[in-house]
Amino acid sequence: MDHLSPVIWQFLIKWLTNFAVIPPEASRIAPQVDALLVFMTLVSLVGLTLVALLMTAFSILYRRDRNPVATQIEGSTLLEATWTIIPLGLFLVMFVWGSVLYFRIYTPPPNAMNIYVVGKQWMWKAEHPGGQHEINSLHVPINQPVQLTMISQDVFHSFSIPAFRVKREAIPGRYTTVWFEATAVGTYHLFCTQYCGTAHSAMIGEVVVQSPEDYKKWLAGSTSGVSLAQNGERLFASLSCNACHNGQPNSRGPSLADVYGSKLNLTTGQPVLVDEAYLRQAILNPSAHITEGYAPIMPTYQGQISEEGLISLVEYIKNLSSNYRVQQTLNTSALLPESPDKKAAGAQGVAKP
Amino acid sequence: MSTIVSLPDQSTARVPKRNYLTNENGLLSWLLTGDHKRIAILYLISITFFFFIGGALAGLIRMELLTPQSDLMASDTYNKIFTMHGVVMIFLFLVPSVPATLGNFLIPIMIGAKDLAFPKINLLSWYLYLAGGTMTLAAMITGGVDTGWTFTTPMSTHFSNTNVVTTGLAIFIAGFSSIFTGLNFIVTVHRMRAPGMTWFKLPLFVWANYAASVLMVLGTPVLAITLVLVVLERTVGIGVFDPTKGGDPILFQHLFWFYSHPAVYIMILPGFGVISEVISTFSRKRIFGYTAVAFSSMAIAVFGFFVWAHHMFIMGVSNYAVLVFSLLTMLVAVPSAIKIFNWAFTLYKGSITFETPMLYAFGFMGLFTIGGLTGVFLGSAGTDIHLTETYFIVAHFHFVMVGGMLMAFLSGIHFWWPKMTGRMYPEKISQLAAVVTFIGFNLTFFPQFLLGMLGMPRRYAAYPPEFQVLNVFSTAGATILGVGYLLPMIYLVWSLKYGKVAGNNPWQATGLEWQIQSPPLTENFTTIPIVTQDVYDYEWLERQKEHEVTHVG
Ligand code: HEM
Ligand SMILES: [Cu+2]
């Protein structure tokens with residue numbers, strides 16, 4: 001729409017924004033959603049006006065004192081076909097347009113940076129790969145596609161940023177994703193829109209869109225010193241994952257290096273794509289998918305690791321790109337001040353019993 | 001020239017002494033009745049009672065939302081109140097309203113039968129309704145429920161410590177009431193039509209209720225099973241919905257909406273039936289494209305079962321499922337559009353008057369059109385993402401259900417009131433009530449579309465301050481709307497004693513129910529009618545009247 005007539009478009013947007021009918025457009029996708037919304041509103045207004053006009057006109061022309069005797073009419077196939085086909089056509093246009101938009105809204109570009117979000121009663125916890133945590137706020141850089149990988153720790157929540165025109169449920173037990181590219185520096189509402197209990201309406205936060213420089217500053221200022229992957233690595237050791245998954249040729253578990261993004265062959269003969277969801281499931285419910293050539297001996301970690309802990313583990317495994325790297329990160333972590341003892345691990349993501 | 005028969009002379013006219021109301025006396029004769037008309041009255045009273053409870057709760061919701069903070073009540077209380085408002089309005093008002101009251105009263109008469117096929121089951125379904133309703137109230141009084149009427153798991157199964165089990169069972173029981181009503185209607189329409197009453201001579205009200213009955217019988221058991229699963233999960237932890245036990249919370253969504261989407265049509269289809277009757281009567285015309293209207297009811301009933309996942313576009317159902325469900329949703333919108341235009345064109349070359357039922361029907365047309373069109377915003381996947389779970393949804397379903405269904409219900413109650421009670425209500429004040437309702441409704445719910453566009457989430461006790469202006473409008477509107485709903489309550493009761501005597505056919509309508517006395521005899525017809533004329537045959541009616549006039553004169 002904005003390439004058809006920039007003037008009218010600007011006018012519409014300014015006017016509508018000033019009169020607070022639509023929220024600010026602060027993402028790449030927002031103008032596209034608004035274009036369809038405007039189209040639908042216009043079609044609806046035309047439709048509604050048509051019905052209203054017909055009814056008013058007939059009510060005036062054929063009221064009892066002007067037209068005492070009604071003329072009986074059976075119907076008219078032609079007319080009925082008209083008002084079947086025209087709405088059908090319009091609805092189909094909206095369907096196609098809306099579907100294209102849907103795919104755009106939910107298909108992240110490959111270069112999107114990833115941030116994890118955990119929803120819980122009643123807060124949003126965001127975890128940046130660098131180890132920055134924030135609660136009920138989300139800092140993102142402008143003009144950079146950001147993908148959120150979300151999960152809920154308890155009930156359904158839903159992550160909604162009206163100014164970006166995106167929303168996605170955070171669901172217990174599975175990862176969902178949403179992405180956006182912010183286009184205007186500023187602070188925007190972040191709502192939980194899926195009813196989630198007592199403090200649902202307090203589960204509000206803000207999305208802060210920053211220039212790349214400010215974002216870098218923010219990252220540097222809020223780092224905890226341990227990245228998600230490093231935290232995951234410590235968990236990996238403290239939960240004794242490395243007893244089996246140590247990358248040695250004769251180890252009892254498969255090597256996890258480079259496993260992310262690859263196709264694994266399972267004992268059932270089915271290949272699976274290893275993504276975040278698969279990794280999480282493999283930790284919680286290992287017997288459900290046994291890698292070809294290995295015995296079903298891995299214990300379940302259900303109830304022992306929090307969602308944040310799982311995220312760290314997943315992030316760690318994602319970053320394992322070779323045996324060499326396993327070695328290297330293990331070495332670096334040995335240099336960290338804190339030793340990976342159980343207490344620290346507890347604070348960083350092992351679920352309390 | 002046609003002769004318009006005037007109402008019976010008021011000074012001498014009497015309500016017939018012998019009728020279904022006076023047939024037997026005493027409370028027991030009501031509580032043990034098998035008469036479909038008396039059961040309809042029992043339903044009408046109990047449904048009205050629950051409507052006013054739901055309405056009072058709505059008032060509290062709107063009061064709380066007058067200000068951005070949650071200052072009138074704690075957010076827990078607010079959550080319980082909107083849950084109860086939804087539960088009561090959906091399960092105890094909207095679902096049974098037209099079928100159980102008007103349908104019960106009219107369907108046997110409209111098809112020329114003496115009663116429904118299973119009078120005792122009909123009575124049983126009222127008791128089930130009452131039991132469910134009472135249990136719901138008990139749950140509300142003894143601590144409430146805070147899951148929302150949608151009972152979303154795992155909120156309802158693991159995280160809420162309120163009366164989920166009682167409420168779930170209450171709805172389970174009330175559900176059987178609607179299954180039985182549906183069964184009764186289906187069998188009655190199939191087996192008990194009077195000689196000559198072919199399917200295409202059925203009034204559209206019967207068609208619409210028939211279509212809704214099919215949905216009730218097929219859909220409600222799914223809800224019942226779902227609620228049982230929730231209760232079992234909560235009490236013994238079976239784990240079908242619990243991800244830590246290998247269950248799937250999305251499964252609940254599928255099951256729940258598999259019922260609850262068709263339920264929307266259970267609610268609205270009978271309303272369509274009322275509108276068809278009213279528009280036809282007050283424009284004195286056969287409904288334009290009778291067959292299309294009848295078939296579109298059935299089409300809605302059938303397709304209504306295949307759109308449930310449009311409630312889950314943002315929940316991570318697969319993208320291709322989204323495509324299919326979005327497409328089907330668009331397709332199911334078409335029959336509704338067909339109906340709107342057919343009703344509008346029924347007015348063409350009619351001879352129109354604007355009595356109260358017609359005013360409500362006009363209100364219905366406007367509000368339902370808006371409700372339907374905004375449904376398309378939600379059916380289109382890309383825009384649904386922004387609008388769902390916001391006040392846009394609240395506005396949309398209130399336009400459809402309250403603007404549509406409730407307007408239809410009020411239209412029908414006014415239309416058939418003279419038949420049910422033998423009395424007319426005062427015309428001027430009832431017209432005023434219809435107008436007040438329409439204005440109040442728009443002022444209440446239109447701002448909510450804007451709130452939704454702006455992103456205000458639903459089910460919020462507190463909200464960011466910039467949404468306040470629109471919320472104040474909405475609350476002000478609700479006050480007017482409340483007055484609009486109270487007025488009929490008052491003058492209808494008043495009319496029972498002081499209303500003008502109605503006579504058999506005050507609206508000069510076609511249809512078998514207008515050929516018998518008002519209020520009808522317990523057995524409806526002294527002799528089973530043989531139907532020769534077409535439905536909505538006003539010319540036939542005129543001839544009848546001329547005949548009568550010459551006879552009487
Ligand atoms: C004066 C009239 C009414 C007002 C002001 C009103 C107001 C509201 C509001 C503000 C909500 C949203 C609560 C929230 O999401 O936070 C709501 C929800 C709802 N209303 Fe109404 N309402 C009215 C009448 C009705 C009627 C007549 C019905 C049905 C016949 C109805 C059915 C519902 C349902 C099913 C919900 C959803 C509850 C939930 O979210 O769980 N309402 N109403
Ligand atoms: Cu939440």
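The sequence lines fix the lettering, A, B, ..., with proteins before strands; numbering per chain opens at 1.
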| query | For A:Asn285, is it the side chain, the backbone, both or neither that has a heavy atom under 4.5 Å from a heavy atom of chain B? | reply | neither
| Of the non-hydrogen atoms in A:Tyr62 and B:Leu347, which two are nearest, and what is the gap between them? | CD1-O, 3.7 Å
| task | Find out whether B:Tyr348 and A:Thr71 are in side-chain contact, i.e. whether some heavy atom of one side chain is under 4.5 Å from a heavy atom of the other. | result | no
| message | I'd like to check A:Ser59 versus B:Phe362 (side-chain heavy atoms, cut-off strictly below 4.5 Å). Are they in contact? | response | yes
| message | Please classify the contact of B:Thr147 with chain A as side chain, backbone, both or neither, using a heavy-atom distance under 4.5 Å. | response | backbone
| message | To the nearest 0.5 Å, what is the distance between CZ on A:Phe159 and CD1 on B:Ile314? | response | 12.5 Å
| query | What orientation do A:Phe58 and B:Phe345 show, parallel under 30°, tilted 30 to 60°, or perpendicular over 60°? | reply | perpendicular
| Do B:Gln253 and A:Phe156 touch side chain to side chain, with heavy atoms closer than 4.5 Å? | yes
| said: How about OH on A:Tyr278, more than 12 heavy atoms from neighbouring residues, nucleotides or ligands closer than 6.0 Å, or not? | reply: yes
| task | Give, as side chain, backbone, both or neither, the part of B:Phe467 having an atom under 4.5 angstrom from any heavy atom of chain A. | result | side chain
| field | pair A:Ser160-B:Glu389: side-chain heavy atoms closer than 4.5 Å | value | no
| request: Determine yes or no for a side-chain-to-main-chain donor-acceptor pair under 3.5 angstrom, with A:Tyr102 supplying the side chain and B:Phe313 the backbone. | output: yes
| query | By a 4.5 Å heavy-atom criterion (distance strictly below it), what part of A:Gln194 contacts chain B: side chain, backbone, both, or neither? | reply | both
| remark: So, the part of B:Val322 with a heavy atom under 4.5 Å from chain A: the answer is side chain
| field | Under 4.5 Å from a heavy atom of chain A, the part of B:Ser160 involved | value | neither
| task | Could you pull out the closest heavy-atom pair between A:Gly98 and B:Ser380, with the gap in Å? | result | CA-OG, 3.2 Å
| Are any non-hydrogen side-chain atoms of B:His386 and A:Pro23 less than 4.5 angstrom apart? | yes
| said: Less than 4.5 Å to any heavy atom of chain A: does that hold for the side chain of B:Ile340, its backbone, both, or neither? | reply: side chain
| request: Could you tell me the separation between the SG atom of A:Cys192 and the OH atom of B:Tyr460, rounded to the nearest 0.5 Å? | output: 5.5 Å
| said: What I'd like to find out is whether the side chain of A:Glu169 reaches to under 4.5 Å of the side chain of B:Met312, using heavy atoms alone. | reply: no
| remark: d(B:Asp534 CG, A:Gln72 CD) to nearest 0.5 Å is 10.5 Å
| Contacting region of B:Ile287 [heavy-atom separation from chain A under 4.5 Å] | backbone
| query | In Å, rounded to the nearest 0.5 Å, how long is the span from CZ of B:Phe288 to CG of A:Leu79? | reply | 5.0 Å
| remark: What one should report as the nearest heavy-atom pair of B:Met155 and A:Gly197 is CE-CA, 3.4 Å
| said: Can you tell me which of B:Thr329, B:Asp384, B:Leu331, B:Thr388 forms the most heavy-atom pairs within a distance under 4.5 Å of chain A? | reply: B:Thr388
| Toward chain B, the part of A:Ser44 with a non-hydrogen atom under 4.5 Å | both
| Can you find a pair of side-chain heavy atoms, one from A:Arg174 and one from B:Asp248, that are under 4.5 Å apart? | yes
| remark: Tightest non-hydrogen contact, residues B:Leu454 and A:Pro162, listed as O-CB, 3.9 Å
| request: To the nearest 0.5 angstrom, please state how far the CZ atom of A:Arg165 sits from the CD1 atom of B:Ile385. | output: 12.5 Å
| Is chain A contacted by the side chain of B:Phe449, its backbone, both, or neither, given a heavy-atom distance below 4.5 Å? | neither
| Region of A:Thr41 that comes under 4.5 Å of a non-hydrogen atom in chain B | both
| task | Pick one of side chain, backbone, both or neither for A:Leu50, based on which atoms fall under 4.5 Å of a heavy atom in chain B. | result | side chain
| said: Can you tell me which portion of A:Ser76 sits under 4.5 Å from chain B's heavy atoms? Options are side chain, backbone, both or neither. | reply: both
| query | Just wondering, do B:Tyr463 and A:Ile204 contact through their side chains at under 4.5 Å, heavy atoms? | reply | no
| Nearest-0.5 Å distance that lies between atom CE in B:Met315 and atom OG1 in A:Thr176 | 11.0 Å
| query | For A:Gln121, is it the side chain, the backbone, both, or neither that has a heavy atom closer than 4.5 Å to a heavy atom of chain B? | reply | side chain
| said: Can you tell me which portion of B:Ser283 sits under 4.5 Å from chain A's heavy atoms? Options are side chain, backbone, both or neither. | reply: backbone
| Interface moiety of A:Phe103 toward chain B, non-hydrogen atoms closer than 4.5 Å | side chain
